[in-house]
Trainee: 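One structure is given below, represented as structure tokens, and several questions about it will come after.
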Amino acid sequence: MKSSSFSADVLDVVRLIPYGRVTTYGAIAAYLGSKRSSRTVGWILNSTKGISDVPAHRVVNRNGLLTGKKHFKSLTTMSKLLINEGVNVENDLVVDFKQLFWDPNLALSLTS
DNA sequence: ACACTGACCACTG
DNA sequence: CCAGTGGCCAGTG
């Protein structure tokens with residue numbers, strides 16, 4: 001292990017995700033720019049797994065599907081965390097995902 | 001330097 | 001609807 005720094009941007013955005021909200025890999029990648037792609041966000045979170053500072057459970061794929069649940073301690077950890085925050089999860093899918101979706105592009109930018 | 005892999009996304013058949 | 005393929009970027013052997 002060594003790498004670090006590179007993920008700073010991604011981790012920063014993930015930490016900013018409000019309680020009870022979720023976002024997607026693509027949204028984060030889009031916010032950071034074309035430098036990183038959705039996949040890049042994924043491998044970064046892989047490095048963050050185990051770090052409480054980063055609510056990776058709030059990051060899902062573009063379908064609102066908990067694709068990363070398998071990387072958590074348990075397959076139910078991710079869904080439990082979300083449900084605990086008030087996010088309804090059914091069949092590993094975030095209910096009303098579009099309503100709970102938190103877009104960093106809208107939240108972090110936009111002066112008005 | 002090369003090949004393979006991966007918490008993705010989109011297109012094509 | 002499901003399977004396959006390409007593109008994307010970085011890590012590891």
Side-chain angles (χ1 to χ4, degrees):
Chain A
M1 255 238 0
K2 22 168 107 190
S3 35
S4 4
S5 53
F6 56 83
S7 51
D9 296 320
V10 176
L11 301 181
D12 186 43
V13 176
V14 176
R15 289 196 198 100
L16 291 171
I17 301 174
Y19 180 94
R21 294 285 190 144
V22 295
T23 191
T24 71
Y25 303 95
I28 296 172
Y31 169 70
L32 296 175
S34 51
K35 300 285 84 178
R36 285 128 184 139
S37 53
S38 330
R39 219 168 195 160
T40 314
V41 177
W43 64 257
I44 288 173
L45 289 180
N46 186 15
S47 300
T48 70
K49 71 180 189 307
I51 302 175
S52 328
D53 289 339
V54 184
H57 60 274
R58 292 182 186 151
V59 185
V60 296
N61 72 346
R62 78 150 202 98
N63 292 303
L65 187 65
L66 284 54
T67 52
K69 60 174 289 180
K70 39 195 331 189
H71 288 275
F72 281 76
K73 296 190 295 184
S74 281
L75 297 178
T76 51
T77 305
M78 192 170 186
S79 55
K80 280 182 178 178
L81 286 168
L82 289 171
I83 293 170
N84 187 32
E85 296 186 357
V87 178
N88 292 317
V89 179
E90 191 154 307
N91 193 19
D92 301 332
L93 187 68
V94 176
V95 181
D96 295 325
F97 168 64
K98 48 192 271 190
Q99 292 183 34
L100 296 172
F101 176 58
W102 178 80
D103 190 342
N105 297 287
L106 299 178
L108 303 181
S109 64
L110 239 308
T111 49
S112 51

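Atoms considered below: every heavy atom in the structure, side chains included; atoms not considered: hydrogens, waters and symmetry mates.
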Trainee: Looking at residues at least two apart in the chain, or sitting in another chain, which of them share a side chain to side chain contact (heavy atoms under 4.5 Å, CB included) with A/Asp53?
Mentor: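 Residues passing side chain to side chain contact (heavy atoms under 4.5 Å, CB included) with A/Asp53: A/Arg15, A/Ile51.
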Trainee: Could you state the atom-to-atom distance from CG of A/Asp9 to P of C/dA10 in whole Å?
Mentor: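 Atom-to-atom, A/Asp9 to C/dA10, this comes out as 12 Å.
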Trainee: Can you give me the closest heavy-atom contact between A/Pro104 and A/Ala27, atom names plus distance?
Mentor: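 Reported closest heavy-atom pair: CG-O, 3.8 Å.
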Trainee: What's the spacing between A/Ile28 CD1 and A/Thr40 OG1 if we round to 0.5 Å?
Mentor: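 Spacing of CD1 (A/Ile28) from OG1 (A/Thr40) equals 11.5 Å.
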Trainee: Give me the atom names and distance for the closest heavy-atom approach of A/Val87 to A/Arg21.
Mentor: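 Residues A/Val87 and A/Arg21, closest heavy atoms: CG2-N, 4.4 Å.
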Trainee: The criterion is side chain to side chain donor-acceptor pair (under 3.5 Å); which residues satisfy it with A/Asn63, sequence neighbours excluded?
Mentor: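 So A/Asn63 forms no side chain to side chain donor-acceptor pair (under 3.5 Å) with any residue.
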Trainee: So which residues get pulled into A/Leu65's cluster when ILVMFWY side chains under 4.5 Å apart are joined, directly or through others?
Mentor: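 Cluster partners of A/Leu65: A/Leu93.
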Trainee: Given pairs defined as Watson-Crick or G-U wobble with both distances under 3.5 Å, what dot-bracket annotation applies to DNA chain C, with ( ) intrastrand, [ ] crossing, | other strand and . unpaired?
Mentor: .||||||.|||||
Trainee: Whole angstrom is fine here: how far is it from CH2 in A/Trp43 over to P in C/dT12?
Mentor: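 After rounding, the reported distance stands at 10 Å.
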Trainee: List the atom of A/Ser37, the atom of A/Ala29, and the distance in Å for their closest heavy-atom pair.
Mentor: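 Closest pair (atom of A/Ser37, atom of A/Ala29, distance): C-CB, 3.7 Å.
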Trainee: Under the side chain to side chain contact (heavy atoms under 4.5 Å, CB included) test, which residues partner A/Ser79, sequence neighbours left out?
Mentor: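 Partners of A/Ser79 under the side chain to side chain contact (heavy atoms under 4.5 Å, CB included) test: A/Leu66, A/Thr76, A/Val89.
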Trainee: At a heavy-atom distance below 4.0 Å, what parts of residues 86-97 of chain A sit against DNA chain B?
Mentor: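 When residues 86-97 of chain A is checked for heavy atoms under 4.0 Å from DNA chain B, there are no hits whatsoever.
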Trainee: Specify the closest pair of heavy atoms between A/Asn84 and A/Tyr19, including all atoms of both residues, with the distance to one decimal.
Mentor: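 Heavy atoms of A/Asn84 and A/Tyr19 come nearest at O-OH, 3.2 Å.
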Trainee: Listing time: all N or O pairs from protein to nucleotides 9-13 of chain B that are below 3.5 Å?
Mentor:
{"unit_1": "B/dC9", "atom_1": "OP1", "unit_2": "A/Arg62", "atom_2": "N", "d": "2.8"}
{"unit_1": "B/dC9", "atom_1": "OP2", "unit_2": "A/Arg62", "atom_2": "N", "d": "3.4"}
{"unit_1": "B/dA10", "atom_1": "OP2", "unit_2": "A/Arg62", "atom_2": "NE", "d": "3.1"}

Trainee: Atom OG1 in A/Thr23, atom CD1 in A/Ile17: separation rounded to 0.5 Å?
Mentor: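 Rounded to the nearest 0.5 Å, the OG1-CD1 separation comes out at 5.5 Å.
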Trainee: Could you give the CG-to-C1' distance, from A/Asn46 to B/dC8, as a whole number of Å?
Mentor: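 From A/Asn46 CG to B/dC8 C1': 13 Å.
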Trainee: Remember a base hit wins even if backbone is also touched, and classify A/Lys70 as base, sugar-phosphate or nothing at under 4.0 Å, heavy atoms.
Mentor: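 It contacts nothing in the nucleic acid.
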Trainee: Restricting to side chain to side chain contact (heavy atoms under 4.5 Å, CB included), what partner residues turn up for A/Asn88, sequence neighbours left out?
Mentor: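 Only A/Val95 meet the side chain to side chain contact (heavy atoms under 4.5 Å, CB included) criterion with A/Asn88.
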Trainee: Check DNA chain B against residues 71-85 of chain A and give the residues with a non-hydrogen atom under 4.0 Å, in numerical order.
Mentor: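 Residues of residues 71-85 of chain A under 4.0 Å from DNA chain B: A/His71, A/Phe72.
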Trainee: Which residue pairs pass the salt bridge (charged side-chain N to carboxylate O under 4.0 Å, His left out) test with at least one member in residues 81-95 of chain A, sequence neighbours excluded?
Mentor: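 Matches after skipping sequence neighbours: A/Arg58-A/Glu85, A/Lys69-A/Asp92.
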Trainee: Let me confirm one number: the OG1-NZ distance from A/Thr77 to A/Lys80, rounded to the nearest 0.5 Å.
Mentor: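 Separation between the atoms: 7.0 Å.
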Trainee: Is there any protein nitrogen or oxygen under 3.5 Å from a nitrogen or oxygen in nucleotides 2-5 of chain B, and what are the pairs?
Mentor:
none

Trainee: Mind checking the NZ-CE spacing from A/Lys73 to A/Met78? Nearest 0.5 Å is all I need.
Mentor: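 So the NZ of A/Lys73 and the CE of A/Met78 are separated by 14.5 Å.
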Trainee: Return the minimal non-hydrogen interatomic distance between A/Leu45 and A/Ala56, and the atom names on each side.
Mentor: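 Scanning both residues, the minimum pair turns out to be CD2-CB, 4.5 Å.
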Trainee: Pairs in or reaching into residues 61-106 of chain A: which pass ring-ring contact (aromatic ring centres under 6.0 Å, His included), with residues at least two apart or in two chains?
Mentor: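 Those involving residues 61-106 of chain A are A/Phe97-A/Phe101.
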Trainee: Whole-Å distance between C/dG11 P and A/Ile44 CD1?
Mentor: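 Atom CD1 in A/Ile44 sits about 9 Å away from atom P in C/dG11.
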Trainee: Can you tell me the distance, in whole Å, between the CD1 atom of A/Ile51 and the P atom of B/dA7?
Mentor: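 Spelled out: CD1 on A/Ile51 to P on B/dA7 is 17 Å.
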Trainee: If I take atom CG in residue A/Leu45 and atom P in nucleotide C/dG11, what distance separates them, rounded to the nearest angstrom?
Mentor: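 Atom-to-atom, A/Leu45 to C/dG11, this comes out as 14 Å.
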